[in-house]
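Indexing begins at 1, ligand by ligand and atom by atom, following the structure's order.
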Amino acid sequence: MADSRTAYRTCPFCEAACGLELTLDGDRVTAARGDREHVFSHGFVCPKGAMFGQLNDDPDRLRRPLVKRGGEHVEVEWDEAFDEVARGLRPILDTYGPHAVALYLGNPNVHTMAGGLYVTPLVKALGTRNVFSASTVDQMPKHVSSGYLFGSPLTIGVPDLDRTDLLLMLGANPWESNGSLATAADFPGRLKAIQQRGGRFIVVDPRRTRTAGHADEHLFIRPGTDAYLLFGIVHTLFADGLVALGHLEPYVTGVDTVAELAAGFAPQDVSAVCGVPAERIRSLAHELAAAPRAAVYGRIGTCTVEFGTLTSWLVDVINVLTGNLDRAGGVMFPLAPHLSKGRGTGKGFRVGRWHSRVRGLPEVKGELPVATLADEIETPGDEQVRAFITVAGNPVLSTPNSGRLDRALSGLSFMVSVDPYLNETTRHADVVLPPPDALRKGHYDFSFLALAVRNFAAYSPPVVPFGGPDECDILARLALIASGREGSADDVHESMVRQALSRANLETASGSSPAERLLDVALRSGAYEGMSLDLLLANPHGVDLGPLQPRIPEVLRTPSGKIELSFDGLAAETDRLRGALDRPRDGLVLIGRRHLRSNNSWMHNVPALVKGRDRCTLQIHPLDAARLDLGDGDDAQVTSRAGGLAARVEVTDTVMPGVVSLPHGWGHGQPGTRMTVAADHPGVNSNILTDETTVDPLSGNSVLNGIPVEIKALAG
Ligand code: SF4
């Protein structure tokens, strides 16, 4: 181990942004542990971060581009691969126009610097309206509700975990996920600390998750009905005189509108639908109002439902009405080091600048709902999607009715994927362009530092030199091809750095790569005096920037300069919710679930992360199992409007009666993929069952929870 050395870097695998201490032998990672000196994570690491070396050195990871020849993917040189992309894309763009090319941005884009810096130039170069992303799989409702409330879809409040006394969590399972839209390394430890200082956290979920198991209280709720519970709380706040805006008083409009809308949702009216006793709904309102510092936090389970935007809006409405928004221990707005402070007003937020061709679904945040991607590919007509670019992600496993999308992708004229794996989606690509592994590129969390529960900054430079095109180069070359311009990736980089310097009124930038120089410009022109790339390079364990600070009114981007509780479409959506009170709800419904050793679909190719008993089981309550004559380990046929599959049954009272659960991200082993370990642990794809025809109408988000299903035993 003569070459043994240590490197510190931010873990790029999830939103928690933990610091890792890596031991390297040459260019191989021999050990990964939590960085004890890291200013944010203080040594915490989960099983995924500890597997950094195995993930990085996965023998199935692509290291050279692939081109499909005669139905087989073969390795080629980079120039040949880009020539092939130009041959495939240009004729489609020239003949059918920009909208004939669709772009899908997978979740890992928010974990790379290239995603933060080079996706926008690519989107601009393509000029297509058909941009899709993982945001409409699981989080667009939060962007939309934040957009209406605060004026920007990126102004998202996070629970001030380290100072709160009472945390109400809905549809979130951070014991497994380590948090989402709230960056909190060691989220479980921060929850335990609430209890240790005499506070409480309450979990609302159709499953008794690991998080619920540690909570002071777990309330079962029928999937997709959180909006009723939350409206019941809002109703009580008004009815019992508990509304107290406190310091927010001068900065809120629309309180009367909320009171009127909540009038039809008394706890006794919503209790039967959501399954939470009316008295408990009332007392929750009183506890939230009385707690010195309280926060309501909703995540995946509140977004992936039919009333996702209304639910996300209600979460923050309660934070506002109880005076807990923007105060210590409530829900606060982080200030990331690469961003500037606001002016307290702005243009506000709107949707529907264009609509999808086939279903007429509105654009949100520059993109269309991924639930309609297959429609756009399959439906003939002007502007039919004929070519497809994916940058990370695996929509064939992660989007609703993925069986249909899988079939649609086989009908494309051309497809190119920027991805390190030949997976269920990229197997359809004519060209696959693999980015370098995490050791060979710099890392800065453009997205998650803006969602962190404590302000901090960290940058990880590349640990191992890399000679080939990196992710920024790949996206720059694709942008050049899309725009039809001559030139090299370096031309794109230089132009971007020049423009950034000019915007920031700076002369030069530090850094040994274009991404580093762009980061340096952003840091030096950001909110913190003295911040720069050089400062972060000199502090490998990160720079602590202190607890979250109140930011209202500066953070607001609404035209009024206030938190606008009311918005166009709110009354109609509330009417729709009221109308759904009487819906029959007697059948079984499907929900997803998350596991600590998994992250969507792409962690299933590491033996240590998939070993042990089969995790891809259909959980069902003992009462339902008995009624259907199902026992533990039996095989069951599960059928929905979209499709059907066979799954192994796990009888457990951790799901409530009437609810069954399958984890997402499985369904490996398809022909043409090259993920050996995953193929040996295929599981079943829960998105065969989810339905692309139903979305949350305000955000276009997919509905992945509360799917009506029928289940019957399969003959053994
Ligand atoms: S919690 Fe997330 S960031 Fe932290 S070690 Fe695990 S995967 Fe990495």
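In terms of protein heavy-atom proximity, atom 7 (S) of ligand 1 is nearest to C46 SG, 3.5 Å. Among all non-hydrogen protein atoms, the one lying nearest atom 8 (Fe) of ligand 1 is C11 SG, 2.3 Å. Residue, atom and distance of the protein heavy atom nearest to atom 4 (Fe) of ligand 1 are C18 SG, 2.3 Å. Scanning the protein for heavy atoms near atom 2 (Fe) of ligand 1, the closest one is C14 SG, 2.2 Å.
Note on R9 versus D35: no salt bridge recorded, every NZ/NE/NH1/NH2 to OD/OE distance being 4.0 Å or above. Comment: D437 does not engage R61 in a salt bridge, judged by the lack of any side-chain N to carboxylate O separation of less than 4.0 angstrom. Under 4.0 Å is where a charged nitrogen must lie from a carboxylate oxygen, and between R648 and D614 no such pair does. The existence of a salt bridge linking D520 and R524 is confirmed by a sub-4.0 Å separation between a basic side-chain nitrogen and an acidic carboxylate oxygen. Ion pair D27/R440 flagged as a salt bridge, since at least one NZ, NE, NH1 or NH2 atom sits closer than 4.0 Å to an Asp/Glu carboxylate oxygen.
Interface atoms of ligand 1 facing F13, defined by a heavy-atom separation under 4.0 Å, are 7 (S). Listed by atom number, the atoms of ligand 1 under 4.0 Å from K48 heavy atoms are 7 (S).
Relative to atom 1 (S) of ligand 1, the option among D35, N599, N178 with the closest non-hydrogen atom is N178.
Residue contacts with ligand 1, taken as heavy atom pairs separated by less than 4.0 Å, involve A17 solely via the backbone atoms N, CA, C and O.
For D226 and T302, the side-chain atoms include no donor-acceptor pair closer than 3.5 Å.
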